[in-house]
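To start, the structure itself, in structure tokens.
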Amino acid sequence: MKNKINKLTFTSMEVRKKILELITKSKSSHIGCAYSLVDILIVLFYEILNVNKIKSVSPDRDRFVLSKGHACVALYVILSKLGFFNKKILNTYYSNNGRLAGHPVFGSVPGIEASTGSLGHGLSIAAGMALSAKLDNKKYSVYTIIGDGECDEGSIWEAALFATHHKLNNLTVILDKNGFQGYGRTSDVLSLEPLRRKWEAFNWNVKEIDGHNILQIYNSLANIKSKKPLLIIAKTVHCKGIPFMEDSLMWHYRSPKEDEFKKALCNFGDKIK
Amino acid sequence: MRNSVVTSIKKIALKDKNVMLLSADMGFSVFEDFEKELPKQFLNVGISEANMVGVSAGMALSGKRCFLYTFAPFVSMRCFEQIRIDLCYQNLDVVLIGLGGGLTYAKEGSTHQSVEDIAIMRAIPNMKVFCPADPIEAEICIVEAYKKKGPTYIRIGKSGEPRLHDKKPKFSFGKSIHIFKGNDISIFSTGNMLKTAMDTAKILKDKGISVNLISMPSVKPIDYKAISFAASKTKCIFTIEEHSIVGGFGSAVLEALSKLSIMARIKCFGVNDCFVKYVGDQDFVRRKIGLDSDSISNKILKKLGI
């Protein structure tokens, strides 16, 4: 297990470095939230999802929907690393005549299961997928990542009611609680607390983890056995991994300038390609 | 019309187990038989239209064919963005059925009237828009929507509308239905205004005006051939719809003329750009706002200088 954690940690550093390069080069936004959920995505794609079935678009494949679509650069890098599409395509991220937009588009590249980006949509879509699995007696599981700010949207709570009413225990939602939304800290803009109790009141099975602790993420996702849908509240840090950029709303919007890029690169050392 | 729609969906659902009927808590006394016979293919999501559309997108992405049912204003406006992104952006096979289009439920007030739905639905890429005039057209629209890929909005009335066609008309996606042949003017009607349009044509016939009357259930795509023919063979085109004059069926005909680069005389009859302030039933409100056959025929005669 220790080796596995080391390997995943190394992979997360590689992915972070590539995200930094892509965001800097394309002058795009959202590096903060891409870094807050990257460890979760890595555990999902490297340890939990049946990736080969996803690649072959098998009807029995697990489904992953990135509801907080603005963090999609992290997903693109991971999909590319896993061979869903080649690096040339990855390098066209957010550029003229490229295939990878700033929010995921269904059908743009393999592995993107739904078009997202407008907040509050992905959970309903994931619930529809999970219900279909139940109706068709299929064993696949459905996963989605939502943001904490996204929980402002009423449609999240419509879907939350729906999922428990239909006992969608094949549905897992990971809530990337990085504490920021568009205009400030979630606690200042529209308080969500007590978040755990809210989801429990909606009759979800709720776990709380450190969203950057690979072992905790893995343990929360592996061998899920519950009669209810599962919500994992992952406490994360906006722009985790680059200390001078961590926990600052500015990095929801800005891309690093050249000097900032060089300074950020120092965090990765020579071993990370 | 409502019963015809439900019967048609049930026929399809009996043959295709992937067909699902979703309701946002509507259909009391309408869906019970469907639910009893096909319990795994019926889903009441509760009063949550946005979630209904999102769930249907997830189901469509998993191989299901969903028909969504609730009042027209709720299914088209409450969840507009879910329709735009989840259904149309992804071009998914989902059919939205809007009950009580136009002024069907006029007495209930503007919350339950739906006179902007055609405009907003047809503005979305990939969306098809059908407005059947009677139970027979409604049945054909359901079958057509099932046969065709991609999202469709079907705007229906309620129950008890009369059959306006003696026999099943020939109609398909993007085509129209010829009601009367005539040489002087053309009237295009969509949805539940067909009876009024037929009465208007009869009044005009008594005045010696020969009307080329067309029913156009398919607002998007629209029948360019019928519009081109009307513009070239008759003096003037009139459109009739129970919808705002902003962006609806009349606007679609105008856009078609523009696309065809045809100069034509045209006048659109519909609901003016304001909320209906009258309390009363559908016929009463239609008379008050000038959407009845007497008012329309008078305006046409005036336009023709008769």
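We name chains A, B, ... by the order of the sequence lines, and we start the count at 1 in each one.
Distance check: B/Ile85 CD1 to A/Ile125 CD1 gives 9.5 Å after rounding to the nearest 0.5 Å. Note that the CG atom of B/Leu61 and the CD atom of A/Glu113 stand 7.5 Å from one another [nearest 0.5 Å]. In this structure, B/Met59 CE and A/Leu135 CG are separated by 5.0 Å, a value rounded to the nearest 0.5 Å. Note that NE2 of A/His103 is 10.0 Å distant from OH of B/Tyr89, once rounded to the nearest 0.5 Å. Atom CG of A/Leu131 is separated from atom CG of B/Leu43 by 6.0 Å, given to the nearest 0.5 angstrom.
Remark: A/Tyr183 OH is loosely packed, at most 12 non-hydrogen atoms of other residues, nucleotides or ligands lying under 6.0 Å away. For CG of B/Asn3, the number of neighbouring non-hydrogen atoms (other residues, nucleotides, ligands) closer than 6.0 Å is greater than 12. Within a 6.0 Å radius of NZ in A/Lys134, more than 12 heavy atoms belonging to other residues, nucleotides or ligands are found. Within 6.0 Å of atom CG in B/Leu14, more than 12 heavy atoms from other residues, nucleotides or ligands are found, so the atom counts as buried in its surroundings. In the displayed structure, B/Arg122 atom CZ is contacted under 6.0 Å by more than 12 heavy atoms of other residues, nucleotides or ligands. Residue A/Lys55 qualifies as enclosed at atom NZ: its count of foreign heavy atoms under 6.0 Å is above 12. Remark: A/Tyr94 OH is loosely packed, at most 12 non-hydrogen atoms of other residues, nucleotides or ligands lying under 6.0 Å away. Around the CZ atom of B/Arg2, the shell of radius 6.0 Å holds more than 12 heavy atoms that belong to other residues, nucleotides or ligands.
Considering every non-hydrogen atom in both A/Glu158 and B/Ser48, the closest pair reads OE1-CB, 3.2 Å. In terms of heavy-atom proximity, B/Ala50 sits nearest to A/Ser155 at CB-CB, 4.4 Å. Shortest non-hydrogen contact noted between B/Ser62 and A/Asp136 is O-OD2, 4.3 Å. Nearest approach of A/Ala114 to B/Gln90, heavy atoms of both residues: CA-OE1, 3.1 Å.
Counting heavy atoms from C-beta outward, A/Ser124 and B/Gln82 have side chains that stay 4.5 Å or more apart.
Heavy-atom distances place the backbone of B/Glu49, and not its side chain, under 4.5 Å from chain A. Of the two parts of A/His166, only the side chain, counted from C-beta on, holds a non-hydrogen atom closer than 4.5 Å to a non-hydrogen atom of chain B. Contact annotation for A/Ala159: both backbone and side-chain heavy atoms come within less than 4.5 Å of a heavy atom of chain B.
Per-residue heavy-atom pair counts under 4.5 Å with chain B were compared for A/Ser118, A/Ala133, A/Ala127, and the maximum is reached by A/Ser118.
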